[in-house]
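Everything below concerns the one structure shown next.
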Protein chains: 2
Amino acid sequence: MSEPRWLDATQQRDWRAYVDGSVRLTEIMDRDLKAKHGLSVSEYEILVRLSEAPERRLRMAELAANASQSRSRLSHTCSRLESKGLVRRDSCPSDKRGVIAVLTAEGFAALERAARDHVETVRNHFIDVIEPDDLEAIGRAFTAVLKKMTGGA
Amino acid sequence: MSEPRWLDATQQRDWRAYVDGSVRLTEIMDRDLKAKHGLSVSEYEILVRLSEAPERRLRMAELAANASQSRSRLSHTCSRLESKGLVRRDSCPSDKRGVIAVLTAEGFAALERAARDHVETVRNHFIDVIEPDDLEAIGRAFTAVLKKMTGGA
DNA sequence: GCAAACTAGTTGAAGCTTCAACTTTTATCG
DNA sequence: CGATAAAAGTTGAAGCTTCAACTAGTTTGC
């Protein structure tokens with residue numbers, strides 16, 4: 001096997017900053033949401049995606065894709081949310097295999113409450129700490145990353 | 001409580017791109033390292049930090065801080081690495097409470113092998129996908145995030 | 001119209017992380 | 001000095017994620 005194309009010093013520095021920063025960032029988001037609202041980040045994400053869907057309902061597979069979770073993980077997470085009363089499962093009329101996750105009124109209320117605090121945390125540790133130009137660069141960069149992954153290319 | 005300072009459309013877009021992208025990115029890194037080398041990302045990180053330390057040894061607390069892991073998590077991870085023969089635990093002469101994690105020769109070899117593949121994955125999905133200027137912006141941004149978190153301010 | 005292949009979703013076990021409790025040693029300070 | 005507090009690590013249980021196996025329904029192709 002040929003010699004790998006190692007990162008140069010600058011690339012290494014930038015990559016590391018990202019890795020460390022993002023680990024710490026998600027840790028904070030998680031701790032914060034859990035402490036104030038008893039939700040994990042992945043539960044929160046599910047609620048967000050559902051809240052944005054038409055009629056606040058989505059097929060499991062689509063929800064999983066939206067939230068970048070595996071189907072299995074979504075199943076478990078959904079069960080937890082269901083037992084908290086934040087989500088309900090309906091059966092799908094057009095496909096008997098299908099299951100539709102529905103955000104309950106209670107779930108929507110919980111999300112509204114959580115979002116108020118969450119946005120503050122996101123601002124304090126991310127948005128307001130970063131130069132607007134750099135934030136745009138981040139958006140561009142990660143959009144490209146996502147496109148590369150999902151779009152195939 | 002006052003009305004939260006919601007993100008505007010652009011901020012929201014950028015933040016989401018980052019969240020989704022980073023989730024997918026770590027998932028790939030993890031799957032890749034695990035499949036080819038039987039290492040999780042957090043195990044890999046431990047090996048990296050140790051390999052860069054003088055004499056490839058570090059106090060547990062320092063290692064935990066370097067790798068952004070909790071002490072407890074490091075303890076468990078270290079036990080796993082130890083049972084794989086990649087890390088050894090020495091006692092600390094100056095502080096009888098202390099434990100020093102040492103990278104074994106085998107551990108260093110495993111790291112070298114893993115790093116060759118890992119750098120390729122990092123390039124394919126991140127470095128080579130992003131404009132150099134945007135990469136620099138990421139470095140700047142996440143350095144600021146880290147500074148805000150650890151530096152206090 | 002039926003068998004083979006595929007898709008949707010769930011389940012339980014195994015693995016990893018988090019949390020709180022605990023032991024041992026060191027630092028603080030009256 | 002001696003007591004109290006604080007720090008270093010570990011441990012086990014509980015919680016979440018991953019993985020592989022499974023059920024059930026749908027599609028394909030002959």
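Order of the sequence lines sets the chain letters (A, B, ...), proteins ahead of strands, with each chain counted from 1.
Residue B:Thr77 is in sugar-phosphate contact alone, with no base atom involved, counting any heavy-atom pair closer than 4.0 Å across all strands shown.
In this structure, B:Ile46 places its CD1 atom 13 Å from P of C:dC16, rounding to the nearest Å. Counting to the nearest Å, the P atom of C:dT17 and the CD atom of B:Glu45 are 12 Å from each other. In this structure, A:Asp30 atom CG and D:dC16 atom P are separated by 10 Å, rounded to whole Å. Atom CG of B:Leu63 and atom P of D:dA8 are 14 Å apart (whole Å). D:dC19 atom C1' lies 10 Å from atom NZ of B:Lys34, rounded to whole Å. Computed from coordinates, the A:Arg73 CZ to C:dT11 P distance equals 18 Å when rounded to whole Å. Rounding to whole angstrom units, NZ of residue B:Lys96 and C1' of C:dT23 are separated by 15 Å. Atom-to-atom, OH of A:Tyr44 to P of D:dC16 comes out at 18 Å; the value is rounded to the nearest Å.
Proximity of a side-chain donor or acceptor of B:Arg49 to a complementary backbone N or O of B:Asn66 within less than 3.5 Å is detected.
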Produce a footprint string for nucleotides 3-10 of chain C: one letter per nucleotide, 5' end first; B if the base is under 4.0 Å from any protein heavy atom, S if only the sugar-phosphate is, - if neither. ----BBSB
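In the model, B:Arg88 has no side-chain atom that pairs as donor or acceptor with a side-chain atom of B:Thr104 under 3.5 Å.
Using a cutoff of 4.0 Å between basic side-chain nitrogens and carboxylate oxygens, B:Lys34 and B:Asp30 are scored as salt-bridged. One finds no salt bridge joining B:Arg116 and B:Glu120 here, because no Lys/Arg side-chain nitrogen approaches an Asp/Glu carboxylate oxygen to under 4.0 Å. Under a 4.0 Å N-O distance rule, the pair B:Arg140/A:Glu131 does not qualify as a salt bridge. Taking the charged nitrogens against the carboxylate oxygens, A:Glu52 and B:Arg16 do have a contact shorter than 4.0 Å, which makes a salt bridge.
Nearest heavy atoms, B:Ser75 versus B:Met60: CA-CE, 4.2 Å.
For B:Ser42, a side-chain nitrogen or oxygen approaches OP1 or OP2 of C:dT17 to under 4.0 Å. In this model, the phosphate group of D:dC16 is approached by a side-chain N or O of A:Arg80 to a distance below 4.0 Å at OP1 or OP2. Regarding contacts with the backbone of D:dC19, a side-chain N or O of B:Arg31 is found under 4.0 angstrom from either OP1 or OP2.
Between the side chain of A:His76 and the base of C:dG12 there is at least one donor-acceptor pair of N/O atoms closer than 3.5 Å.
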